[in-house]
Engineer: 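For reference, the structure I am asking about is given below.
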Amino acid sequence: MSSVTPTITTVTPTRPKSLLSRLIEMGTHQRLLAFASLIVLLIGFSLVSPNFMQTSNMIAILQATSVNGVLAIAATLVIITGGIDLSVGTLMTFTAVMAGVVLTYAGMPLPLGVAAAIATGAICGLCSGTFVAKMKIPPFIATLGMMLILKGLSLVISGTRPIYFNDTPGFDQISRGSLIGEIIPALPIPNGVLILFLVAAAASYILGRTVLGRYAFALGSNEEAVRLSGVNTDRWKMAIYALAGGICGIGGLLIASRLNSAQPALGLGYELEAIAAVVIGGTSLSGGRGTILGTLIGALIMAVLTNGLRVLSVAQEWQTVVTGAIIILAVYADMMRRKKG
Amino acid sequence: MSSVTPTITTVTPTRPKSLLSRLIEMGTHQRLLAFASLIVLLIGFSLVSPNFMQTSNMIAILQATSVNGVLAIAATLVIITGGIDLSVGTLMTFTAVMAGVVLTYAGMPLPLGVAAAIATGAICGLCSGTFVAKMKIPPFIATLGMMLILKGLSLVISGTRPIYFNDTPGFDQISRGSLIGEIIPALPIPNGVLILFLVAAAASYILGRTVLGRYAFALGSNEEAVRLSGVNTDRWKMAIYALAGGICGIGGLLIASRLNSAQPALGLGYELEAIAAVVIGGTSLSGGRGTILGTLIGALIMAVLTNGLRVLSVAQEWQTVVTGAIIILAVYADMMRRKKG
Amino acid sequence: QEEVYIPLVSKGFQHQFWQAVKAGADQAADEFGVRVTFEGPDSETMVDRQIDMLAAALANKPSAIGFAALDSQAAIPLLRKAHESGIPVVAFDSGVDSDLPVTTATTDNVAAAALAADKMAEHIGGAGTVAVVAHDQTSRTGIDRRDGFLNRMAAAHPGIEVVSVQYGQGDQLQSTEVAKAILTANPGLAGMFGTNEGSAIGIVNAVREMNATNLVIIGYDSGKAQTDAVRQGVIAGAITQNPVGIGYETVKAAVMAHRGEALPNVIDTGFYYYDASNIDEAKIAAVLYD
Amino acid sequence: MKGIEKRFPGVHALKGVQFDLAEGEVHALMGENGAGKSTLMKVLSGIYKRDGGDLWIGGELADPAGPREAQNLGIGIIHQELSLMNDLTVAQNVFIGREPRGAFGRLDERALNSQTAEIFAAMNLKLDPKAVVGNLTIAKQQMIEIAKALSYRSRVLIMDEPTAALNDAEIAELFAIIRQLQTEGVGIVYISHKMDEIKRIADRVTVMRDGEYVGTVQAADTPLSRIISMMVGREVLEKPLKVPDTSGCEVALEVRQLNRGRDIRDVSFSVRKGEILGFAGLMGAGRTEVARAIFGADPLDSGEVRVHGKVCRIRSPHDAVLAGIGYLSEDRKHFGLATGMDVRANIAMASLNAFVSTAGVLNEKAMEKVALGYISQLGIRTPSDRQEVRFLSGGNQQKVVIAKWLLRDCDILIFDEPTRGIDIGAKSEIYKLLEDLAGQGRAIIVISSELPEVMRLSHRIAVMCEGRLTGILPGGAGTSQEDIMQLATQRDAAVSQAGE
Ligand SMILES: Nc1ncnc2c1ncn2[C@@H]1O[C@H](COP(=O)(O)OP(=O)(O)OP(=O)(O)O)[C@@H](O)[C@H]1O
Ligand SMILES: Nc1ncnc2c1ncn2[C@@H]1O[C@H](COP(=O)(O)OP(=O)(O)OP(=O)(O)O)[C@@H](O)[C@H]1O
Ligand SMILES: [Mg+2]
Ligand SMILES: [Mg+2]
């Protein structure tokens with residue numbers, strides 16, 4: 001006991017860190033190397049097609065990432081707790097429809113529509129969370145049920161018709177406008193992308209720095225141990241699902257603004273894509289570990305892949321084949337590097 | 001332990017059991033009560049609609065279960081090992097296309113087509129298994145990749161056209177014919193349903209009575225412990241994925257025979273439905289526990305639900321809402337009864 | 001000499017209908033010596049995926065672009081961008097609510113479905129119950145064909161009641177199950193209308209599996225299974241558009257626009273009703289596809 | 001084994017260690033927590049690849065590259081951490097990888113169960129081969145591990161803390177088995193932190209410290225104190241307990257008529273401030289059940305829990321902690337630790353609210369300071385407080401759980417087997433800690449299967465048998481082991497009368 005040598009106590013002091021370096025550190029901490037795959041893809045496509053590496057195309061890729069990225073962030077939160085969320089896609093649609101109801105049908109001002117979407121998302125997330133935490137329904141089933149319920153409700157509420165936001169000037173600017181472009185005209189990054197990064201930063205902060213985030217990891221790591229530590233696990237789990245739901249609400253706003261309409265039939269199949277981004281980003285489906293940065297990179301990999309193959313005009317059936325193969329290869333390369341490192 | 005003598009001591013003798021009683025026993029063993037939900041649904045629909053409880057509609061429900069049921073059985077095997085298989089749907093399609101290539105394009109005899117479908121399934125399953133076991137790629141990603149690859153390859157090989165089986169007389173009898181109906185004309189149960197039950201019985205037997213099944217459960221329960229016991233875990237895992245793939249091949253034959261054509265674009269989304277049936281049937285997504293009987297019941301619940309709501313002519317959007325709600329409720333009821341029991 | 005490149009962003013890819021459009025486009029591409037690519041999302045609900053495809057197509061600086069909008073409003077910013085870069089846009093299949101496209105090559109789905117209603121009424125003798133297996137609840141084609149049929153029935157055939165409209169996503173298997181459930185729930189049904197190939201084949205499968213007799217089936221589009229069923233009389237008749245023509249006309253118009261030639265506002269590619277009696281006529285055979 | 005080297009990221013776990021084992025010998029491997037005992041044995045059984053050194057088996061250079069190869073070389077191992085498949089039955093676990101088979105890979109379930117039953121019979125173990133392992137207590141699971149290792153009939157059998165979860169009767173049973181194996185020429189490596197066992201069973205003792213080889217001695221003619229000082233590097237003084245009178249103090253926790261199925265029957269007792277109440281009993285006596293029920297981890301059928309005189313409705317561990325009750329579980333891996341998280345996070349797990357600044361933000365600096373404090377106070381051997389707990393040695397993991405509850409600072413603390421797998425030096429440190437906590441006026445319940453431990457620590461000793469509290473004895477010299485054992489085997493009156 002007393003023979004403990006003092007070498008053990010040499011713990012590196014924690015300096016105050018910038019958000020960026022913190023994000024990067026979290027990445028390397030998890031030995032997140034999917035980043036390398038992303039770079040390889042970017043370089044590869046640039047070499048093969050001169051049209052790929054244009055500012056406008058890079059912005060198109062980021063724009064394409066924004067919705068899936070936001071949904072993937074929501075899915076990451078839930079997956080870290082050891083759950084899964086299949087409802088992210090249809091919840092996104094449902095929140096878009098609710099925004100449409102508030103803005104177009106009820107004619108209320110823009111901020112109320114934004115609030116409605118996010119609140120709807122959080123409430124629906126809370127429902128899923130309640131099913132999982134209180135009713136002990138496996139997350140897969142709880143969120144599958146929610147996925148179907150929300151898909152149906154979106155159609156019911158919208159009357160199976162798209163709701164257009166033509167009466168709400170500025171709504172389409174949420175995603176399409178470019179605050180950055182107004183300041184730096186050479187860099188017309190759309191607001192949707194900006195929002196994605198803001199959401200990512202916030203989620204990253206919550207996961208890394210707050211009690212909620214800490215419990216999210218702990219629940220995924222060993223829920224029973226957390227419960228036996230006297231933590232009200234149910235409440236925290238519900239909070240995470242609600243937060244994820246709120247983020248889906250932001251996703252709903254992004255897609256609605258991008259399409260300038262709430263498309264009630266959209267959203268099915270988006271859950272798999274979001275979860276894929278999460279897993280490619282190195283988050284474990286069994287919970288307890290994962291990073292938002294990884295998820296972002298995962299979402300970017302998917303978007304770059306899809307866009308690049310399209311720009312190369314690869315035949316559509318081959319696009320699918322190649323996408324599947326590259327996803328497997330990217331994760332494999334990641335595994336290999338992790339093993340070595 | 002030299003004192004171990006080979007004499008058999010006081011262990012309750014196992015009587016030879018009928019398949020049915022064995023299936024039932026396995027069900028009750030897992031306290032599988034999803035069965036009750038199925039009965040409630042059947043009774044409920046019969047009360048509301050006089051057209052529901054007809055022989056022809058019951059057969060239609062069974063027929064509708066057959067493809068999803070077979071895929072769900074394949075998914076069950078993989079899920080019991082602690083994995084997941086997202087490729088069941090597109091693998092089904094791919095095997096159907098391969099049967100088409102062998103039978104229609106190459107004009108070979110029927111048995112070869114059947115063999116081609118099953119072998120293709122097993123080989124693709126083996127690929128997924130290799131990715132998972134040898135390359136340590138998470139099952140979600142490995143099978144997601146396979147799902148995309150197979151989706152693309154089906155289109156490539158078929159030339160994005162359906163392949164018809166008009167030149168292979170008898171092919172449509174695989175699913176549509178009725179051996180039982182020839183013997184008992186009052187009970188024209190289609191062969192597809194018969195095949196589903198045969199596959200279920202075989203899978204049940206493999207899981208419960210063979211080394212392969214034992215290791216499937218063991219892998220899902222604690223893979224590391226199995227490895228530490230000196231078992232070649234990789235090989236057995238690959239075997240399970242291959243078996244699941246072979247079963248998807250049977251699924252491919254069933255759907256091809258039912259549509260008398262291989263539809264290369266079909267299959268996406270079928271994986272979620274199959275996994276839902278598995279989970280409703282009480283199999284845990286974290287592996288180690290599950291029954292084929294449960295999966296069958298889960299698949300039947302989904303089919304009854306869909307058919308019943310359609311027979312009631314509930315509006316489509318509400319069908320989805322009700323399906324979602326009932327899935328949650330059925331699993332919740334199951335949970336409650338399990339807790340009490 | 002610079003290559004003329006014309007990407008077509010369609011509403012779908014895997015369905016036979018879209019493959020036929022693609023075939024027409026390829027035919028025109030050969031004829032005019034241009035390069036054509038053809039892409040479409042997995043399902044007609046994926047509006048945003050189509051926008052991404054359009055964005056990627058524009059990145060390649062095409063000579064002209066063919067576009068079948070899932071939702072015309074959603075695409076307007078990109079179409080405007082194309083317009084500003086001097087890339088002419090040819091709309092096909094359904095129009096775009098804007099004057100940005102130089103022309104639109106399309107079928108009047110509402111009128112075509114109304115013709116289907118008239119033929120249905122003719123076959124069942126103006127009275128009885130019928131049902132619709134539609135392929136989609138929210139897509140433009142799904143809505144137009146469903147409503148074209150329903151409105152015509154209500155307006156012109158008061159003796160006929162449409163008892164059920166259900167959706168099978170154009171998936172043959174799902175459509176089969178839907179049709180079977182409709183048959184179970186409505187034993188005396190006189191006819192069924194399937195709004196696309198998958199829906200029509202689904203009805204045919206259901207009738208076969210349930211041994212239903214005396215059901216009048218009206219289909220839509222072609223494809224081998226459907227043309228076979230028409231020949232055998234299982235399907236009384238079907239509407240066909242001219243998908244190959246749509247593809248051909250779209251590329252042709254795009255080439256002309258690229259060359260700065262004048263184009264009409266709308267290129268109507270037409271639709272036809274075919275049954276066992278006229279299926280082999282040259283005019284019909286030309287627009288059918290397998 | 002000679003010059004064995006093993007490095008993990010940040011840890012040099014084995015620094016040129018040597019070890020030899022003769023046929024028919026029981027060779028004890030001793031050392032503090034984290035000394036490298038388990039690591040050395042994992043190298044021997046082919047689970048870890050060594051970074052240096054040579055290995056001879058039966059005079060030949062060997063290099064087991066995996067568990068299967070080690071088995072073929074005749075090396076069997078009982079792991080320190082249970083590695084069983086919880087969803088499978090007992091028999092299926094014992095024979096995993098060697099299932100009796102019929103044709104076509106068909107399993108012979110009957111042979112499987114009967115052969116398992118035989119192994120158990122030979123071990124004098126009453127256990128249903130068809131029971132599902134996940135439903136059994138840790139002690140029973142440990143016995144299954146032992147049975148499984150025995151059934152391999154190895155030439156070399158490694159036992160890594162096999163008795164940590166066992167009570168005296170079971171230990172005696174195990175020792176009988178070991179002696180028999182010895183006569184058959186099996187060499188046994190025996191790792192344990194229970195010093196008395198060394199004298200009872202070992203022929204030779206090898207001591208390790210900080211991954212280094214210290215020395216090998218004959219067990220018979222080396223005093224325990226010398227072995228201990230070899231391990232710890234200093235003398236460990238066992239101070240006798242001073243028994244302050246707590247009878248006048250306020251009652252902190254009172255439990256009345258607890259009932260839960262057949263596990264807890266009419267259990268009533270109270271603990272005063274400043275008092276340590278020991279719980280003794282045989283395996284399955286229901287002590288853990290009582291603790292979990294008080295803590296709200298399992299629902300009660302009936303009964304009342306009063307904290308500081310007030311009736312407290314505790315429905316969840318959350319309620320319990322709010323009421324000032326802490327519970328350290330006997331099963332650290334499943335119930336005590338989030339092993340995928342770091343030491344710091346685990347220590348803070350029960351007390352996060354104390355580290356929250358505005359807006360729910362965690363104060364990592366404060367957490368780090370506290371964690372480093374406990375790391376040095378309890379001597380937790382870890383490269384840093386950011387090390388994931390699963391990379392710590394078993395005993396150090398246990399210390400992390402203890403630190404978690406020390407930090408939470410509850411008025412009433414229930415320790416279930418607190419010293420399981422903890423080395424002798426740390427043990428006395430923990431005893432001292434418990435006494436200090438009691439001295440500060442906390443009420444403490446200690447559940448332990450080691451009678452000397454209960455007797456040394458407790459002011460009063462509660463004894464349980466088959467879910468009943470059969471008596472409460474005074475602590476200190478007045479009570480003998482025999483007194484406790486008598487109560488611990490006092491069967492249900494009605495049952496024993498019927499038997500007479
Ligand atoms: N997989 C691993 N990764 C990193 N470090 C490890 C790993 N396994 C063991 N260690 C470290 O190696 C050292 C020796 O551990 P080991 O488990 O051999 O100790 P031990 O002597 O068995 O202790 P105990 O008595 O507590 O079981 C410890 O410092 C431990 O933290
Ligand atoms: N999962 C279970 N299923 C059935 N009975 C159980 C289960 N777990 C424990 N028991 C029973 O509950 C009682 C108490 O168990 P337990 O062994 O935990 O008590 P204990 O006094 O804490 O013993 P230990 O010395 O092992 O800590 C015993 O009768 C035991 O057989
Ligand atoms: Mg150890
Ligand atoms: Mg206990």
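Hydrogens, waters and symmetry mates are skipped; everything else that's a heavy atom, side chains included, is used. Sequence lines set the chain letters: A, B, ... in the order given, protein chains first and strands last, and positions in each chain run from 1.
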Engineer: Between P162(B) and chain C, with a heavy-atom cut-off of 4.5 Å, which part of the residue counts as in contact: side chain, backbone, both or neither?
Structural biologist: both

Engineer: Give, as side chain, backbone, both or neither, the part of A206(C) having an atom under 4.5 angstrom from any heavy atom of chain B.
Structural biologist: neither

Engineer: Identify which of K180(C), Q14(C), H15(C) forms the greatest number of heavy-atom pairs closer than 4.5 Å to chain B.
Structural biologist: Q14(C)

Engineer: Please report the closest heavy-atom contact between L153(B) and F94(B), naming both atoms and the distance.
Structural biologist: CB-CE1, 3.7 Å

Engineer: Non-hydrogen atoms of chain C under 4.5 Å away: do they reach the side chain of N166(B), the backbone, both or neither?
Structural biologist: side chain

Engineer: Using the side chain to side chain donor-acceptor pair (under 3.5 Å) rule, take T160(B) and Q19(C) through it: C-alpha gap first, then chi angles, then the decisive distance, then the call.
Structural biologist: CA-CA 7 Å; T160(B) 44; Q19(C) 285 295 315; 2.9 Å; yes

Engineer: Are any of the side-chain nitrogens in E177(C) or R258(B) under 4.0 Å away from the carboxylate oxygens of its partner?
Structural biologist: yes

Engineer: Heavy-atom distance under 4.5 Å to chain C: side chain of I255(B), backbone, both or neither?
Structural biologist: side chain

Engineer: For S43(C), is it the side chain, the backbone, both, or neither that has a heavy atom closer than 4.5 Å to a heavy atom of chain B?
Structural biologist: neither

Engineer: Quick check against the 3.5 Å criterion: does S261(B) have a side-chain atom that pairs as donor or acceptor with the backbone of Q263(B)?
Structural biologist: no

Engineer: Non-hydrogen atoms of chain B under 4.5 Å away: do they reach the side chain of S164(C), the backbone, both or neither?
Structural biologist: side chain

Engineer: Between A315(B), S56(B), A64(B), G308(B), which shows the greatest number of heavy-atom pairs under 4.5 Å with chain C?
Structural biologist: A64(B)

Engineer: Looking at chain C, which one of I59(B), L259(B), I61(B) has the largest number of heavy-atom pairs inside 4.5 Å, strictly under?
Structural biologist: L259(B)

Engineer: Please evaluate residues I118(B) and T95(B) with respect to the criterion side-chain contact (heavy atoms from CB on, under 4.5 Å), reporting the C-alpha separation (whole Å), side-chain torsions for both, the decisive distance (0.1 Å), and the verdict.
Structural biologist: CA-CA 7 Å; I118(B) 296 176; T95(B) 59; over 6 Å; no

Engineer: Between D136(C) and K11(C), does any side-chain N to carboxylate O distance fall below 4.0 Å?
Structural biologist: no

Engineer: Looking at R140(C) and D71(C), does any basic side-chain N land under 4.0 Å from a carboxylate oxygen?
Structural biologist: no

Engineer: Between Q226(C) and Y220(C), is there a donor-acceptor pair closer than 3.5 Å when you use the side chain of the first and the backbone of the second?
Structural biologist: yes

Engineer: Under a 4.5 Å heavy-atom cutoff, which of L173(C), I201(C), N186(C) has the most pairs with chain B?
Structural biologist: L173(C)

Engineer: So which residue, K22(C), Q172(C), Q137(C), M210(C), ends up with the most heavy-atom pairs under 4.5 Å with chain B?
Structural biologist: Q172(C)

Engineer: Side chain, backbone, both or neither: which part of N211(C) has a non-hydrogen atom closer than 4.5 Å to chain B?
Structural biologist: neither

